[in-house]
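Everything below concerns the one structure shown next.
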There are 2 protein chains.
Amino acid sequence: MDQVTIKDVAREAEVSPSTVSRVISDSSQISCETKEKVRTVMDRLGYHPNAIARSLVNQRCNSIGLVMSRPTDRALANPFFTDMIQGIAASTQQENFSLMLTSADSYESETREALNLVKKRQVEGLILMASRISGDLINTLVRENYPFVLVGRSREHSDIPRVDNNNIRAVKDAMIKLIAKGYSNIAFLSGPKDFVVCQDRLQGYREALVEAGLAYRPELVSYAEFSYEAGLKEAHDLFIRSRRQIDLVFCADDLLALGALRAVETRGLKVPEDIGVIGFNDTPAASLVNPGLTTVRIPIKEMGKRAAQMLISVIEDHNYQGEEVIIPTEIIWRNSVRDDQL
Amino acid sequence: MDQVTIKDVAREAEVSPSTVSRVISDSSQISCETKEKVRTVMDRLGYHPNAIARSLVNQRCNSIGLVMSRPTDRALANPFFTDMIQGIAASTQQENFSLMLTSADSYESETREALNLVKKRQVEGLILMASRISGDLINTLVRENYPFVLVGRSREHSDIPRVDNNNIRAVKDAMIKLIAKGYSNIAFLSGPKDFVVCQDRLQGYREALVEAGLAYRPELVSYAEFSYEAGLKEAHDLFIRSRRQIDLVFCADDLLALGALRAVETRGLKVPEDIGVIGFNDTPAASLVNPGLTTVRIPIKEMGKRAAQMLISVIEDHNYQGEEVIIPTEIIWRNSVRDDQL
DNA sequence: TTGTAGGCGTTATCAT
DNA sequence: ATGATAACGCCTACAA
């Protein structure tokens, strides 16, 4: 209930506060008997060091903040973030750090909150989920020299500590394999235009087409929110616009792909016989729908772990500035694309 | 970069540190000109009050902890926690509190970590997700008078501040409606035996049977982990054990239900014509599968909001001890149960 | 209206 | 091996 302090322990153990402090840090210059004695008293009194007092004198609070750059509810609606949090939490726990979550209902307040957290010294650094992180936040962070790590990448900034997967390459590779399977009229169902991941994935799509000698047709590209409903709607539009001359829809996210799957179905067509669908992220639901959704799997939890580790290293080791870590992805072949070779 | 303190501001503004402090708290006994002058300097110097120093003197850190055990979160799968965090974050933000996440890989370390958090005064209170929370944690919390709120309920403790839905009633009500629809051979696919939610949901199942004059047949009850795979397997076992004399499977969780759905399908039977399936939670995937999964929807985010609000009230108002809040649930009728009345 | 001094709980630097 | 003392950055009586 009432805080037991180092002084209480000192008085009871008939030593000075500094001695108690040294016992806490298990200093080598304290006799065993004293340690014994003090520890007994600490137990009896139920003493626990006050983390805040400690932080104040050490100028270290041993905690980091996680910033999710969309209004949080939207952000968390995607399983992506859950996995991310798990990964980050695993690392922080291992390194004896605490994890604080920032969230807000608008993008601006979010940025402000995140900055406040570091400026008020409540956290020692930030992990940013870079979906459409404005340059501003990063600029400030860089200028004021606050430790941070990006998950994803920023268009405006390079040479910034970050953990990411190569979205361009992942889509390109998948596309090449799909084209090898005989697909030639491939549409691309993208997420919001201003998301860097979407831009990158679209670029991978383009590059693959070009390399394969296929035309890039802008009318086969659609943009939507990352949601099932948007996927459903945009896929329909896409089918109408293209007068059904599509044999595959490459989706920038599984939720979109799940919507597209349903769209194909409601048009009386079959997946994968008539139209193939492929997604991104390997959402749990991807293996539950029928046909199973072929998708590009990202080891999200692993990325979270790495990001937190890197941030903590940056914080603790002043000679380390962080680095760029690219995590490999993997295609999970299920039944939403044809399996036959050309 | 280097911390700007109240002293720096005081020196620059040619006032005393206490004056600056008073300006920060917008004290009414400071002249407007002084406030103006000091604020200008604060801006110029980029001053931000140090939250930790503040916490130390105020004995208030304005932050709460969310305890989600890794084992638990495995079991409950993603969407539940995700929604929970959203709700909690919404409230903490509104009340100017910070949110800390604890997680651990074992149940014991988890409990230890959570207790440490409050004992070290890093958080002012805890929100516990009570899936199989041991009495120990709660006992300690109660004994040492640390503010906390349960989401869910504890078997050993009553009269504890908590936010929950009435699982017994929810299942019972659903059962009664299903029985009215003509179902009479209803199996129950439960989650882990030691989860209070499972025990409660099972009890609702029993009570409904009894009230309807139907027999409770233990061989129609199965236990599994909360996962798709476990649902698939247990549903199969159930069908074999019961020699197909089942017309409905009531599942304690959507993931189990999704597994059961698939199990029915792979046996060459049809949902809902041959066997009905109902789940719990209204997981996103529930609306994506075909047929759509009928399920009991819990307003999880709302529960999170209420829990955080209650905790903060308990912390700030010493006359308020918290209460028991029961949030109503709702059945989402989709196509995994027959719609025809008897 | 403003300044001075003491303290929040801890650690680190001196002494002894 | 141990103790006294001064910070850490802020707040708040108490003075003036």
Side-chain angles (χ1 to χ4, degrees), chain A residues 1-39 41-42 45-63 96 116-124, chain B residues 1-39 41-42 45-63 96 116-124:
Chain A
M1 177 76 239
D2 268 348
Q3 172 90 302
V4 178
T5 77
I6 237 177
K7 288 181 191 166
D8 301 320
V9 176
R11 195 181 325 108
E12 285 292 306
E14 298 174 299
V15 293
S16 76
S18 8
T19 300
V20 177
S21 175
R22 283 191 265 254
V23 172
I24 293 168
S25 57
D26 202 17
S27 158
S28 60
Q29 48 193 32
I30 292 283
S31 75
C32 286
E33 308 110 63
T34 313
K35 279 186 183 173
E36 193 69 19
K37 184 174 60 177
V38 171
R39 289 197 175 117
V41 175
M42 293 197 316
L45 264 46
Y47 169 79
H48 285 268
N50 181 314
I52 297 197
R54 225 176 216 192
S55 296
L56 184 59
V57 48
N58 290 334
Q59 301 285 63
R60 292 277 321 262
C61 60
N62 270 58
S63 70
N96 263 305
N116 262 341
L117 227 45
V118 281
K119 291 193 169 172
K120 291 157 71 185
R121 297 295 203 268
Q122 263 193 286
V123 301
E124 297 189 52
Chain B
M1 179 76 238
D2 266 350
Q3 172 91 302
V4 178
T5 78
I6 237 176
K7 287 183 192 164
D8 300 321
V9 177
R11 194 181 325 108
E12 286 291 305
E14 298 174 298
V15 294
S16 76
S18 30
T19 301
V20 178
S21 175
R22 283 190 267 254
V23 172
I24 293 170
S25 57
D26 202 16
S27 160
S28 61
Q29 46 191 26
I30 292 282
S31 75
C32 285
E33 308 110 63
T34 313
K35 278 186 184 174
E36 194 68 21
K37 183 175 60 177
V38 171
R39 288 199 177 117
V41 175
M42 293 198 312
L45 264 47
Y47 170 79
H48 286 267
N50 182 312
I52 296 194
R54 219 174 222 196
S55 297
L56 184 58
V57 45
N58 291 333
Q59 302 283 62
R60 291 277 321 262
C61 59
N62 270 60
S63 71
N96 263 305
N116 263 340
L117 228 44
V118 281
K119 291 192 169 172
K120 290 157 71 184
R121 297 294 202 269
Q122 264 195 285
V123 301
E124 298 188 55

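Nothing here was measured: the structure is a model prediction, and the numbers come from that model. All chains are named by letter (A, B, ...) in the order of the sequence lines, taking the proteins before the strands, and each is independently numbered beginning at 1. All values below were derived from every heavy atom in this structure, side-chain atoms included, with hydrogens, water molecules and symmetry-related copies excluded.
Computed from coordinates, the A/Gln3 CD to C/dG9 P distance equals 6 Å when rounded to whole Å. Rounded to whole angstrom, the span from the NE2 atom of B/His48 across to the C1' atom of D/dC10 amounts to 16 Å. Atom P of nucleotide D/dA7 and atom CZ of A/Arg60 are separated by 23 Å, given to the nearest angstrom. Whole-Å rounding puts the B/Asn50 CG to D/dG9 C1' distance at 6 Å. Note: OH (A/Tyr47) to P (C/dG9) measures 10 Å, nearest angstrom. Rounding to whole angstrom units, NZ of residue A/Lys120 and P of D/dC8 are separated by 22 Å. C/dT2 atom C1' lies 10 Å from atom NZ of B/Lys37, rounded to whole Å. When rounded to the nearest whole Å, the span between CG of B/Leu45 and C1' of D/dG9 equals 15 Å.
Looking at heavy-atom distances under 4.0 Å, B/Ile30 makes contact with sugar-phosphate atoms alone, never a base. Nucleic acid contact class of B/Thr34 (heavy atoms, under 4.0 Å, all strands): sugar-phosphate only. Counting any heavy atom pair closer than 4.0 Å across all strands shown, B/Pro49 reaches sugar-phosphate atoms only and no base atom.
Nearest to the side chain of B/Ser31, among C/dT10, D/dG3, C/dT1, sits C/dT1. The B/Ile6 side chain lies nearest to D/dC11 when the options are D/dC11, C/dT11, D/dT12. Of the listed nucleotides (C/dA12, C/dG3, C/dT13), C/dG3 has the atom at the smallest distance from the side chain of B/Arg22.
Both B/Gln29 and B/Ala51 lie close to DNA chain D; mapped to their nearest nucleotides by heavy-atom distance, the more 5′-ward contact belongs to B/Ala51. Nearest-nucleotide mapping onto DNA chain C: of B/Leu56 and B/Pro17, the residue sitting toward the 5' end is B/Pro17.
Close to C/dC8, at under 4.0 Å from its OP1 or OP2, lies a side-chain N or O of A/Lys7. Remark: B/Gln59 is in phosphate contact with C/dG9, judged by side-chain N or O atoms under 4.0 Å from OP1 or OP2. Side-chain N/O atoms of A/Arg54 include none lying less than 4.0 angstrom from OP1 or OP2 on C/dG9. Applying the 4.0 Å criterion to OP1 and OP2 of C/dA12, one finds that A/Ser21 has every side-chain N and O outside that range. Dashed line: the shortest gap from a side-chain N or O of A/Ser25 to OP1 or OP2 of C/dT11 is not under 4.0 Å. In terms of phosphate contacts, A/Ser16 brings a side-chain nitrogen or oxygen within less than 4.0 Å of OP1 or OP2 of D/dG3.
Minimum interatomic distance between A/Cys61 and A/Glu124 (heavy atoms only, all atoms of both residues): N-OE2, 3.1 Å. Of all heavy-atom pairs spanning A/Ile6 and A/Pro17, the tightest one is CG2-CB, 3.8 Å. Residues A/Gln29 and A/Arg22 approach most closely at NE2-CD, 4.1 Å, considering heavy atoms.
For the pair A/Val38 and A/Ile30, the minimum side-chain heavy-atom distance is 4.5 Å or more. Proximity of A/Lys35 to A/Asp26: side-chain heavy atoms (C-beta onward) are separated by under 4.5 Å at one or more points.
With no hydrogens or angles considered, a side-chain donor-acceptor pair links A/Ser18 and A/Ser16 at under 3.5 Å.
Counting atom types as modelled, B/Ser18 pairs no side-chain N or O with a base atom of C/dA5 as donor and acceptor under 3.5 Å.
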